There are 2 protein chains.
Amino acid sequence: MSKPTIVQLAQAAGVSPTTVSHAFSGRRYVDPDTKARIVALAQEMGYRANPTARRLRSGGGGSVALVSSMPFAVAAGPSRLGFLMEIAASAAVTALSRNTTLCLVPPLERGAQLDVLDVDGAIVVEPALDDSVLDFFFERGVPVVAIGRAPGRPNLPAVDLRSTETARLLLDHLGEAGQRVGLITGLQRRNSYIETEAAYAAFCAERGFAPAAMRIDERGGEEEAAVAVEAFLRQNPDIGALCAPVDAFAAGALRAATALGLAVPADLRLATRYDGMRARLASPQLTAVNLHLDQVAEQAIDMLIALIEGKALSPEPIAQPQLVARASSDRSSG
Amino acid sequence: MSKPTIVQLAQAAGVSPTTVSHAFSGRRYVDPDTKARIVALAQEMGYRANPTARRLRSGGGGSVALVSSMPFAVAAGPSRLGFLMEIAASAAVTALSRNTTLCLVPPLERGAQLDVLDVDGAIVVEPALDDSVLDFFFERGVPVVAIGRAPGRPNLPAVDLRSTETARLLLDHLGEAGQRVGLITGLQRRNSYIETEAAYAAFCAERGFAPAAMRIDERGGEEEAAVAVEAFLRQNPDIGALCAPVDAFAAGALRAATALGLAVPADLRLATRYDGMRARLASPQLTAVNLHLDQVAEQAIDMLIALIEGKALSPEPIAQPQLVARASSDRSSG
DNA sequence: GCCGGTATGCAAATCGTTTTGCATACCGTG
DNA sequence: CACGGTATGCAAAACGATTTGCATACCGGC
């Protein structure tokens with residue numbers, strides 16, 4: 001048999017649906033005996049209020065989607081997963097405290113039957129230029145908040161990841177020893193790369209370095225990065241430090257250094273952006289940055305909820321990124 | 001103002017709500033001109049069908065929660081996150097194809113105002129004995145499916161992780177060289193530990209080994225494991241191989257071995273269970289097991305949906321776990 | 001006997017869709 | 001003209017809850 005409805009429960013208990021509803025919600029007084037009978041019967045019959053119907057009537061408490069701009073479980077995946085999950089964990093907590101649930105949305109294939117997607121808004125993590133995920137939600141009129149500005153969409157509400165400052169922090173740190181600093185970013189056009197590259201250009205100009213930068217396709221992950229960075233280091237033998245914001249690339253760089261017989265940090269100092277497992281598990285451990293992702297997630301949720309409700313949104317700045325210096329850039333051993 | 005409803009759109013277009021519905025769903029013929037007018041107007045007014053109402057009527061799927069038995073972002077976190085997220089990614093895909101959305105639920109604090117938690121069912125990952133997360137859902141009559149059997153709850157629907165076979169696979173592999181094999185499991189009473197310990201006992205009996213096993217508190221993570229395993233290895237110097245199903249513990253064991261001057265795999269062969277980033281990033285890379293988590297996730301979703309709909313559930317067995325042999329247990333270098 | 005107040009519960013409207021059954025108009029054919 | 005068929009669309013009944021406004025009963029006090 002299918003699940004019993006409130007009407008069936010009410011009939012069985014010899015009361016009206018109204019009374020059943022009140023018995024559970026407590027919004028009106030119900031005789032304790034009656035209530036007890038209803039509850040017992042509900043237990044026995046396995047009655048549970050249908051959440052969909054409940055929501056339709058009471059309107060409140062919707063759900064928001066968390067979407068990674070990249071496929072969840074794809075090649076470059078494992079390391080992005082850390083970033084995404086750290087955000088997801090915080091976002092889920094914040095969302096719940098705002099009467100909202102957080103839905104994980106798998107990679108969207110265009111044309112897929114996604115109208116079933118019952119969310120009131122979406123958070124997109126680090127969208128790239130012309131990101132199809134954004135189009136998808138726009139077409140449906142679903143409000144979107146980005147984590148990390150969306151390139152080419154200056155008006156899209158976004159939580160600032162402060163990538164310029166982050167880059168500055170890393171570059172200044174790596175530049176301490178006076179070595180020439182190289183940069184490895186991603187081929188995809190995400191705002192964090194764009195800002196980082198700009199900061200790098202400025203950094204080089206200030207110091208009078210010739211820039212040495214390259215871009216790698218994220219999808220190749222650590223493997224491809226190892227190969228590419230090795231070639232890069234061969235071409236630029238005078239580089240003494242490397243800034244690789246993508247942790248998978250930093251891991252690849254580590255391998256490239258080993259392959260070339262370069263010791264880290266003695267011969268090559270290295271730093272990355274996201275302070276996740278990859279940075280901490282690497283050997284030597286990688287210098288990284290605390291991006292305050294918990295705050296980022298919280299702000300994204302709040303902005304999104306405000307947006308959904310049509311209220312004004314107040315984007316307060318996230319706490320300043322903080323350098324987490326580790327062995328991979330330790331100057332004393334260099 | 002607030003979002004327009006189908007009625008408002010119908011009025012504006014001078015047709016009935018029925019016609020609007022048909023215009024979008026295509027379930028009945030609508031004059032092309034009329035349809036075009038409706039679509040254009042919808043675009044202009046920003047009309048989007050309310051998914052909640054739609055689902056209520058058409059009986060579509062709701063949403064299910066994915067819950068880790070452990071706090072998301074807690075100490076032992078990063079490595080468990082991998083396991084959880086691999087399941088989450090697959091589950092989200094499967095759920096969507098079943099007209100259901102997957103909600104990530106943060107760690108549940110008892111007594112928190114969770115009435116807002118609007119899910120039709122829940123998947124709990126590797127519940128422990130007396131897991132409060134399970135109680136929470138039971139109290140609310142929310143159907144639950146466990147990934148990995150729930151200790152002490154033989155009747156709870158669960159997807160079998162085939163831990164006995166997994167353990168057997170690892171132990172037989174590690175025992176190949178004839179060395180004595182030690183076992184490190186977790187203090188918490190999860191089914192996978194229980195089965196693994198039992199398999200280990202049988203394994204030792206068969207081979208005539210004296211068992212050498214210890215349990216470590218998961219919450220201590222890699223650090224605590226490193227300390228504990230070092231002591232353990234000191235006490236059992238004749239151990240030539242170590243089975244540490246928790247990847248964080250295996251990583252700790254690796255450090256312990258290094259501290260003791262033992263080479264892996266030459267002096268100590270090592271294997272873990274979950275073939276995640278941690279196993280692959282370790283040096284040497286860790287032998288692990290392919291648990292077919294994608295299948296596991298899919299089955300969990302399907303079982304849960306069946307349960308929600310009151311249908312009979314058919315728990316088909318997951319594909320057999322497969323050993324992924326890596327350097328950490330390579331016999332040729334031992 | 002009348003009155004106000006409290007206790008208890010129900011009927012009906014509502015949320016925004018989808019879906020079924022019926023209505024009208026128009027067409028060509030015999 | 002009568003008739004079947006197609007084109008087009010609407011009214012109303014679901015879906016399963018919540019919420020509002022009323023109804024009845026009973027009580028004590030005057």
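Numbered from 1 within each chain, the chains take letters A, B, ... in sequence-line order. All of these numbers come straight from a predicted model, not from anything done at the bench.
- With salt bridges taken as basic N to acidic carboxylate O contacts below 4.0 Å, none links D120(A) and R48(B).
- A150(B) and L134(B) make their closest contact through CB-CD1, 4.0 Å (heavy atoms, listed as atom of the first residue, atom of the second, distance).
- Pairing each heavy atom of M45(A) with each of P4(A), the nearest pair is O-CG, 3.5 Å.
- Put simply, CZ on F24(B) is 14 Å from C1' on dG16(C), counting in whole angstrom units.
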Are there any protein N/O atoms within less than 3.5 Å of an N/O atom in nucleotides 14-16 of chain D, and if so, which ones and at what distance?
residue: dA14(D); atom: N3; partner: R57(B); partner atom: NH1; Å: 2.6
residue: dC15(D); atom: O2; partner: R57(B); partner atom: N; Å: 3.4
residue: dG16(D); atom: N2; partner: A53(A); partner atom: O; Å: 3.4

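- Taking every heavy atom of both residues into account, V124(B) and P127(B) meet most closely at O-CD, 3.9 Å.
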Verdict with supporting geometry, H292(B) and R162(B), side-chain contact (heavy atoms from CB on, under 4.5 Å) = CA-CA 11 Å; H292(B) 307 291; R162(B) 304 185 76 156; over 6 Å; no

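- Looking at Q188(A), its side chain does come within 3.5 Å of a backbone N or O of E218(A) through a donor-acceptor pair.
- Residue pairs satisfying the side-chain hydrogen bond (donor to acceptor under 3.5 Å, both in side chains) criterion with at least one member in residues 13-23 of chain B, sequence neighbours excluded, are listed as follows: S16(B)-T19(B).
- Distance check, rounded to the nearest 0.5 Å: CD1 of I147(A) to CG of L291(A) gives 11.0 Å.
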ask   = When every nucleotide of nucleotides 4-10 of chain D is labelled 5' to 3' by its protein contacts under 4.0 Å (heavy atoms), B for base, S for sugar-phosphate only, - for none, what sequence of letters results?
value = ----SBB

